[in-house]
Number of protein chains: 2
Amino acid sequence: MPGILEDADRHCAKTGVRLTPLRRRVLELVAQAGAPVKAYDLLSQIDQTATSAKPPTVYRALDFLMEAGLVHRVEALNAFVACPQAGHGHAAVLYVCESCANVTEVQGSRPGQENKPAGFTVKRSVIEHYGLCADCPHP
Amino acid sequence: MPGILEDADRHCAKTGVRLTPLRRRVLELVAQAGAPVKAYDLLSQIDQTATSAKPPTVYRALDFLMEAGLVHRVEALNAFVACPQAGHGHAAVLYVCESCANVTEVQGSRPGQENKPAGFTVKRSVIEHYGLCADCPHP
DNA sequence: GAGCGGATGTAATAACGTAACGCTTTGACG
DNA sequence: CGTCAAAGCGTTACGTTATTACATCCGCTC
């Protein structure tokens, strides 16, 4: 995952939001992981450098990064992944391998409007597929 | 929501699993709610009848009901809804109104296979759309 | 009745997330 | 430069969500 931080720097400069050192550090940790990371895991990793980070520290950073479109929350895992393309539209579709934990993100093609109930206005979608990726043994 | 419990009885008889009084009671509470319910809300409702239910009681019942295809978990809400059609395929797509909390379930048309990464085998999908239903005021 | 497996009770604790408050930093403006 | 407001962050405390581990009970078969 090369250049995620640089992309983020550029993206934030363009949109006028502040990628502070703390936020950048959290993004770095999420990107390094290359798999879904738990908030409290980030917390303990930050702890090693700073004196003592508390939950709000990391949750605030994650909120910012989600807002900025730099990370996604994996709802069914209570975890977070770095978004490979900073600030695309918010229509991410995630493919999560249950064996190796790798996550592939594809951009949703106007997802889920097929059988939509009449009059429903979609503001946000959670689309996560769980299974086995090509590199993991299929039973 | 008529007949959910009867449907569940029939479905369990057919598939040979045991819908015990406790499990039936939990299903009843979820169905009555007609909206996503939290596990601990169920817990306190059970408490009023039984002496004292503990978290594992309700989580075990919910696990069973999900396994049986009688309830769905709403991942982004940490909540549960009754499934209107007992034990269809597990391809539910949920439309959740953020104003009135009403949930509409539609059966997924082989969801999410469009841009699927090569070689990925989907075992389970989480598809939840959040927004406003037809009956709620659109801003 | 002995033994077995599934279901449930119970206690304790882990994991996840937020509210509220106050201090510090930042950046705009006169 | 001084001041002010807003944003960022530290900290305490707490609330919510979920699981582990072990004990007990119940229905069944032998």
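Naming: A, B, ... by sequence-line order, numbering from 1 per chain. Because the structure is predicted, anything quoted here is derived from the model rather than measured.
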Closest non-hydrogen atom pair between A:Ala82 and A:Val30, with its separation: N-CG1, 3.3 Å
Rounded distance in Å - CD (A:Glu67) to C1' (D:dA7): 14 Å
Inter-axis angle, terminal five-pair segments of the helix from C:dG1-D:dC30 to C:dG30-D:dC1 [nearest 10°]: 20°
Whole-Å distance separating the CG atom of A:Leu65 from the C1' atom of D:dG8: 14 Å
Donor-acceptor contact below 3.5 Å, side chain B:Arg23 vs main chain B:Arg18: yes
Annotated protein contacts, base or backbone, on nucleotides 12-18 of chain C with a non-hydrogen cut-off under 4.0 Å, one of B, S, - each: ----BBB
Length of the CZ-P vector between A:Arg60 and C:dT25, whole Å: 15 Å
Pairwise side-chain contact, A:Gln32 with A:Val37, heavy-atom cut-off 4.5 Å (strictly under): no
Under-4.0 Å side-chain N/O to phosphate OP1/OP2 contact, A:Thr57 with D:dC9: no
Partner residues of B:Asp135 under the side-chain contact (heavy atoms from CB on, under 4.5 Å) criterion, sequence neighbours left out: B:Cys133
Separation between OG of B:Ser125 and OH of A:Tyr95, rounded to the nearest 0.5 Å: 7.5 Å
Salt bridge (charged side-chain N to carboxylate O under 4.0 Å, His left out) between A:Asp63 and A:Arg60, intermediate numbers included: CA-CA 5 Å; A:Asp63 283 347; A:Arg60 284 193 285 231; over 6 Å; no
Close side-chain approach of B:Glu128 to A:Ile127, heavy-atom, < 4.5 Å: no
Hydrophobic cluster (4.5 angstrom, side-chain heavy atoms) - remaining members for B:Val126: A:Val74, A:Leu77, A:Val81, A:Leu94, A:Val96, A:Val103, A:Val126, A:Tyr130, B:Val74, B:Leu77, B:Val81, B:Leu94, B:Val96, B:Val103, B:Tyr130
Rounded interatomic separation in angstrom, taking CG from A:Leu19 and C1' from D:dC9: 15 Å
Value rounded to 0.5 Å, distance of CG in B:Leu70 from CG in B:Leu5: 9.5 Å
Side-chain heavy atoms of A:Val71 within contact of A:Val26, under 4.5 Å: no
Results of side-chain contact (heavy atoms from CB on, under 4.5 Å) for B:Thr57 - residues two or more places apart only: B:Leu22, B:Ala53, B:Lys54
Please tabulate the protein-to-nucleotide N/O contacts below 3.5 Å involving nucleotides 5-7 of chain C, giving atom names and distances.
from	atom 1	to	atom 2	distance (Å)
C:dA7	OP1	B:Arg23	NH1	3.3
C:dA7	O5'	B:Arg23	NH2	3.4

